[in-house]
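Letters A, B, ... mirror the listed sequences (proteins, then strands); counts begin at 1.
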4 protein chains.
Amino acid sequence: MLLTIDIQDRRPIYQQVADGIRRLIAGGQIAEGQPLPPLRQLAADLGVNLNTIATAYRELQSDGLITVKHGSGATVSSRAAAKQSEDELRGPLRSALTDMVLSGMHRAQILSAVDDELRSLIQG
Amino acid sequence: MLLTIDIQDRRPIYQQVADGIRRLIAGGQIAEGQPLPPLRQLAADLGVNLNTIATAYRELQSDGLITVKHGSGATVSSRAAAKQSEDELRGPLRSALTDMVLSGMHRAQILSAVDDELRSLIQG
Amino acid sequence: MLLTIDIQDRRPIYQQVADGIRRLIAGGQIAEGQPLPPLRQLAADLGVNLNTIATAYRELQSDGLITVKHGSGATVSSRAAAKQSEDELRGPLRSALTDMVLSGMHRAQILSAVDDELRSLIQG
Amino acid sequence: MLLTIDIQDRRPIYQQVADGIRRLIAGGQIAEGQPLPPLRQLAADLGVNLNTIATAYRELQSDGLITVKHGSGATVSSRAAAKQSEDELRGPLRSALTDMVLSGMHRAQILSAVDDELRSLIQG
DNA sequence: GTGGTCTAGACCACG
DNA sequence: GTGGTCTAGACCACC
């Protein structure tokens with residue numbers, strides 16, 4: 001499980017964990033139907049409290065990204081279930097690109113950065 | 001002063017204000033040496049507490065971005081400092097792209113969306 | 001045996017099974033004295049653990065709804081007991097209506113939806 | 001704050017609290033824009049832990065039902081934000097009605113119960 | 001003053 | 001074994 005938490009990061013730990021898992025799923029490092037590590041194990045691995053991981057799992061579940069079966073662990077549910085409307089997706093994209101433009105980056109540099117990120121997301 | 005605050009945004013308000021001003025400076029909308037609005041006025045304009053703006057100004061000052069002179073308000077001290085490092089810009093970009101991938105969008109669709117946004121940003 | 005289990009359902013699986021059987025009995029689809037499917041078969045049919053079905057049967061037995069005879073399976077003992085009290089039926093109804101009201105539906109719209117559903121339930 | 005928690009209830013406490021507040025909002029007992037009680041006060045009133053209430057508030061917030069401003073409490077946000085698609089609302093309604101029909105209630109009895117509940121929800 | 005998060009540890013429910 | 005919930009108490013961040 002390639003997850004790291006960073007205390008300097010302003011996001012709460014449970015959020016970092018949820019985001020990290022989200023990224024792993026997006027990149028295909030964890031395939032649909034595959035199990036996630038048990039709460040307690042992941043908590044021990046990351047050196048955080050069990051409840052912190054439980055909160056992260058709960059968030060992912062309410063997003064429809066994972067399916068939790070009581071007594072038999074959590075698995076990645078269908079990616080389709082996680083669909084958001086394209087409108088909801090555009091907002092964060094526009095915001096990220098705006099900052100890059102305002103920072104003086106040129107079109108080509110931005111496209112290169114996007115390509116770079118997509119490569120690491122999709123190819124893994 | 002083109003600043004908006006968004007209650008849904010997870011960032012604290014003072015952070016949104018600081019980030020917004022940083023962006024205005026980076027984009028050249030506020031030139032070096034130019035004065036920033038008085039604390040009280042900005043607070044009134046945005047409908048937030050005075051302390052909130054004060055905290056934002058304090059953050060910008062400790063970043064060396066603005067100079068606060070007691071009795072005569074705050075002025076922009078350095079535009080260069082406002083530039084975000086490419087690393088800081090990457091985070092939001094990655095997050096936005098991750099969500100798009102998770103939603104099942106294909107590489108081509110994402111690139112098209114990026115192109116679309118960039119066009120409206122750069123061309124105007 | 002018209003039983004379905006829904007992983008998204010917040011009720012535990014054994015509860016869904018018990019509720020489902022209770023409903024079949026209440027509706028007369030399984031008559032008094034008639035046998036229920038063997039534990040193992042039902043477990044296989046639903047693709048769940050044997051213990052899960054056992055727990056469901058145990059609950060039904062302690063409610064006096066079914067009789068389990070060692071070696072010869074379970075049979076329906078009382079149809080009357082399967083009837084839910086009106087109070088128990090009100091809870092889910094209130095919850096469903098609450099959500100509709102919260103969604104902004106007007107009284108007439110809600111009544112129309114109820115009528116719609118009742119028609120398909122009773123006539124069809 | 002007309003909220004009660006019932007230990008016999010199978011739902012977790014935080015869920016009962018969230019559902020209860022949802023009902024109060026639906027019925028108009030708490031109007032849009034009005035503040036909710038502070039976490040600590042509600043926790044004390046109900047005799048439960050602060051975290052339990054925090055979990056309930058978090059759920060309501062992620063549903064868009066309330067707006068939480070750090071440092072200045074939680075308020076009821078626009079009811080419109082809580083809208084669910086009619087399809088999502090139909091499922092629970094159908095399930096509740098099905099149980100009533102199977103329990104032997106007649107159409108008139110069911111409609112009367114619906115009317116009864118709607119009256120207490122909308123009129124308050 | 002407000003809410004948010006985390007820990008430690010306990011106990012329950014499910015399969 | 002798995003996840004879920006709750007408590008007590010601490011500390012932080014925001015306004």
Residues 14-22 of chain C, side-chain donor-acceptor partners within the protein, below 3.5 Å, at least two apart:
{"residue": "Tyr14(C)", "atom": "OH", "partner": "Arg10(D)", "partner atom": "NH1", "Å": "3.3"}
{"residue": "Gln15(C)", "atom": "NE2", "partner": "Asp19(C)", "partner atom": "OD1", "Å": "3.4"}
{"residue": "Gln15(C)", "atom": "NE2", "partner": "Glu59(C)", "partner atom": "OE2", "Å": "3.0"}
{"residue": "Gln16(C)", "atom": "OE1", "partner": "Asp6(C)", "partner atom": "N", "Å": "2.8"}
{"residue": "Gln16(C)", "atom": "NE2", "partner": "Asp6(C)", "partner atom": "O", "Å": "3.1"}
{"residue": "Gln16(C)", "atom": "NE2", "partner": "Arg11(C)", "partner atom": "O", "Å": "3.0"}
{"residue": "Asp19(C)", "atom": "OD1", "partner": "Arg22(C)", "partner atom": "NH1", "Å": "2.9"}
{"residue": "Asp19(C)", "atom": "OD2", "partner": "Arg11(C)", "partner atom": "NH1", "Å": "2.6"}
{"residue": "Arg22(C)", "atom": "NH2", "partner": "Glu59(C)", "partner atom": "OE2", "Å": "3.4"}
{"residue": "Arg22(C)", "atom": "NH2", "partner": "Asp63(C)", "partner atom": "OD2", "Å": "2.8"}

Subject >> 5'-most by nearest nucleotide on DNA chain E - Arg10(B) or Thr55(C) >> reply: Arg10(B)
**OP:** Using a heavy-atom cut-off of under 4.0 Å over every strand shown, decide if Arg11(D) touches base, sugar-phosphate, or nothing.
**Re:** nothing
Original post:
Of Tyr14(C) and Arg40(A), whose nearest nucleotide on DNA chain E comes first from the 5' end?
Top reply: Arg40(A)
Original post:
Got a sec? Which of residues 66-74 of chain A come in under 4.0 Å of DNA chain E, heavy atoms?
Top reply: His70(A), Gly71(A)
**OP:** Please round to the nearest 0.5 Å and tell me the distance separating atom CG of Asn51(D) and atom CG of Asn51(A).
**Re:** 8.5 Å
Original post:
Do you know the tightest heavy-atom contact between Leu46(A) and Leu3(A)?
Top reply: CD2-O, 3.6 Å
Original post:
At their closest point, which heavy atom of Gln34(D) faces which heavy atom of Ala31(D), and how far apart are they?
Top reply: OE1-N, 2.9 Å
Subject >> dG3(E) - base-pair partner by Watson-Crick or wobble geometry, distances under 3.5 Å >> reply: dC12(F)
**OP:** Check whether any side-chain heavy atom of Leu89(B) lies under 4.5 Å from a side-chain heavy atom of Leu93(B), and answer yes or no.
**Re:** no
**OP:** Locate the shortest heavy-atom distance separating Arg23(D) from Gln29(D); write the atom from each residue and the value.
**Re:** O-OE1, 4.1 Å
Original post:
Do the side chains of Leu42(B) and Leu36(B) get nearer than 4.5 Å, heavy atoms only?
Top reply: no
Original post:
NA contact type, Leu50(C), heavy-atom cut-off 4.0 Å: base, sugar-phosphate, or nothing?
Top reply: nothing
**OP:** Look at all strands and tell whether Val48(C) reaches a base, only sugar-phosphate, or nothing, counting heavy atoms closer than 4.0 Å.
**Re:** nothing
Original post:
Of the non-hydrogen atoms in Gly64(A) and Ser77(A), which two are nearest, and what is the gap between them?
Top reply: O-OG, 2.8 Å
**OP:** Give Asn51(B) one of three labels, base, sugar-phosphate or nothing, depending on what nucleic acid heavy atoms sit under 4.0 Å from its own.
**Re:** nothing
Subject >> Nearest non-hydrogen partners of Val68(C) and Ala74(C), listed with the distance >> reply: CG2-CB, 4.1 Å
Subject >> Residue mapping more 5' on DNA chain F - nearest nucleotide basis, Asn49(D) or Ile13(B) >> reply: Asn49(D)
Original post:
Can you pull the contact range of chain A along DNA chain E, 5' to 3', using atoms under 4.0 angstrom from its heavy atoms?
Top reply: dT5(E) to dG15(E)
**OP:** Would you mind reading off the distance between Gln15(B) atom CD and dA13(F) atom P, rounded to a whole angstrom?
**Re:** 12 Å
